[in-house]
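In what follows, every heavy atom counts, from backbone to side chain, and hydrogens, waters and symmetry copies are set aside. Chain identifiers are assigned alphabetically (A, B, ...) following the order of the sequence lines, protein sequences preceding nucleic acid strands; residue numbering begins at 1 within each chain.
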Amino acid sequence: MLDIQLLRNDLDNIASRLAARGFALDTAAFQALEGERKEIQTRTQELQAKRNASSKLIGQAKAKGEDVSAIMADVANLGDELKAAETLLEEIQAKMQDLLLTMPNTPHESVPVGKSEADNVEVRRVGTPRTFDFPPRDHVDVGESLKLLDFATATKISGARFTLLKGQLARLHRALTQFMLDTHTGEHGYTEVYVPYLVNADSMRGTGQLPKFEEDLFSVLRSDAEEGLAGMGGKTPNSQKLYLIPTAEVPVTNIVRDEIVALEDLPLKFVAHTPCFRSEAGSYGRDTRGMIRQHQFEKVELVQIVHPSRSFDALEELTGHAETILKRLELPYRVMALCSGDMGFSAAKTYDLEVWLPAQNTYREISSCSNFESFQARRMQARFRNDKNKPELVHTQNGSGLAVGRTLVAILENYQNEDGSVTVPSVLRPYLGGLEKLSA
RNA sequence: GGAGAGAUGGCCGAGUGGUCGAAGGUACUCCCCUGCUAAGGGAGCGUAGGGUUUAUAGCCUUACCGAGGGUUCGAAUCCCUCUCUCUCCGCCA
């Protein structure tokens, strides 16, 4: 959520920054609403002040045993007018809140301006794609011919966009998460956290998934919800509904929702391994083959809660932490600075890490690292006490370190051998009892 | 699932319809005193808004005592619903 003060004081500037990411802010509508708000709020508060003053007088007079009927008569007429003003003000403020909640973050000045993925800027490229002396197969062929990857059965169990891993490959998948967690906790100073996978609507609002992107989420009603619904006129109360997390960013970042963190406790650095659930509505026909785009996948997520003055340094650092995993696995990748039009709703700046996939002959996203500045913190009211002892919004950021399923894909493709086997990257072998090759 | 208790400021804790945004304590900040790893004295100290203003200063003002509704001229206090916490019993990985 953007600071409404900024909108009031610098509307045209904000509008043009939002335009860079393809969001058209109706400035005239905003100003009209704001004008209305100002008038109604002033009037409401004047009426409230009058009522409060009169009520106080009644109290004082009664204490002295004086007659209060004159004051009572004076304040009696206030009721209806005040009620109407309060209702109107509430409606206007709700409208304003809706507007604010559906406005994306403004891109940082260092973000390249552009419309789509095609305008993203390559920052650096690390590692050289291997040259194959045989035609490289994609991860589906490699995994299925080893009998370690089974999409048909996963489809039978659940449907499209689910994966079944077996044997050595299931273990490799587990080894990857262990390796990532060990690296981030042991070398990069993150605290490992275990978090809920079902979260409430407040948490989803806090990190920006709601109210705008509900269709991307899976949700469940509590088992006793039906009973509750009957008594609520058929409306679904928020408290009865829980959402499956689309990323650990949601539960982990919400650790600081409605909290005031001590200055000396910053930065907070958390790492969590969780499953992620995405409905993938609107992605029909994209990446239908293989495990690139799934309804359920695993991710190791890095989250930092930082002092505002440090947030862009922290983004570079966090991106570096994610890159470390790719370097250790010796997977070729590149770092892309997302352009204004391709960034996510809540981000002020984002780097994507893209890993080389030989079968697709291209780089594909395997991590996304973003600085949200105070955008999420304002929604969450996540603050710290600054050096003047005043509460101030923190800056939040996160990045995948890494998406485990996609890392598995990258290993299967980059480490495949002509005989159909797959070499295990050396850093993972200790996690696999020394296994050097996946083979049939 | 059953029975009961509770939710107040950073923390503890008073307050059952009227000068309560809220006593007191503690923590914190500043000052004084004190020649020492302490004590004493004084002052300050909630959050989010709105108006005014060059001003994130000051002044005026509104809301907030778990959340939402209601009664009332007036609600931390009364009523209703919900959420959460604690204790006991039951069940359970």
#### Entry: Counterpart residues, salt bridge (charged side-chain N to carboxylate O under 4.0 Å, His left out), relative to A/Arg378 (two or more places apart)
none

### Task
List for me each residue that meets side-chain contact (heavy atoms from CB on, under 4.5 Å) alongside A/Ala403, sequence neighbours excluded, and say none if there are none.
A/Lys299, A/Arg406

### Message
Tell me whether the side-chain N or O atoms of A/Lys62 pair up with the base of B/G18 as donor and acceptor below 3.5 Å, since no angle test is needed here.
### Response
yes

### Task
Could you identify which residues of residues 26-41 of chain A place a heavy atom less than 4.0 Å from some atom of RNA chain B, listed by residue number, or say none?
A/Arg37, A/Lys38, A/Gln41

### Message
Without decimals, in angstroms, what is the distance between A/Met72 CE and B/G18 P?
### Response
15 Å

### A/Thr102 side chain to A/Leu99 backbone, donor-acceptor under 3.5 Å
yes

### Task
Find the distance A/Leu47:CG to B/G74:P and express it as a whole number of Å.
13 Å

### Message
Please check this pair: side chain of A/Thr324 against backbone of A/Gly320, looking for a donor-acceptor N/O pair closer than 3.5 Å.
### Response
yes

## Note on the structure
Taking for A/Gln60 and for A/Gln381 the nucleotide of RNA chain B with the nearest heavy atom, the one nearer the 5' end belongs to A/Gln60

### Task
Treat primed atoms plus P, OP1 and OP2 as sugar-phosphate and everything else as base, then score nucleotides 54-71 of chain B 5' to 3': B for base contact with protein heavy atoms under 4.0 Å, S for sugar-phosphate contact only, - for none.
-------SSS--------

### Query
Just how far, in rounded Å, is C1' of B/G46 from CG of A/Asn386?
15 Å

#### Entry: Trace of the ring-ring contact (aromatic ring centres under 6.0 Å, His included) decision for A/His395 with A/Phe372
CA-CA 7 Å; A/His395 280 193; A/Phe372 303 96; over 10 Å; no

### More than 12 heavy atoms of other groups within 6.0 Å of A/Gln5 CD
yes

### Qualifying residues under salt bridge (charged side-chain N to carboxylate O under 4.0 Å, His left out), relative to A/Asp342, sequence neighbours excluded
none

### Query
To the nearest angstrom, how far is A/Ile71 atom CD1 from B/U19 atom P?
15 Å

### Task
Extract the stems that RNA chain B is part of, considering only consecutive pairing runs of at least three Watson-Crick or G-U wobble pairs, both distances under 3.5 Å.
B:1-7 with B:83-89, B:10-12 with B:24-26, B:28-32 with B:40-44, B:46-52 with B:58-64, B:66-70 with B:78-82

### Task
Say whether A/Asp150 and A/Thr153, considering side chains only, have a donor N or O and an acceptor N or O under 3.5 Å apart.
yes

### Query
Between B/A48, B/G74, B/G21, which one does the side chain of A/Lys56 approach most closely?
B/G21

### Message
What is the separation between atom CD1 on A/Ile58 and atom C1' on B/A75, rounded to the nearest whole Å?
### Response
14 Å

### Message
Taking A/Ser439's backbone N and O only, do any of them form a donor-acceptor pair with A/Ser421's side chain (distance below 3.5 Å, no angle check)?
### Response
no

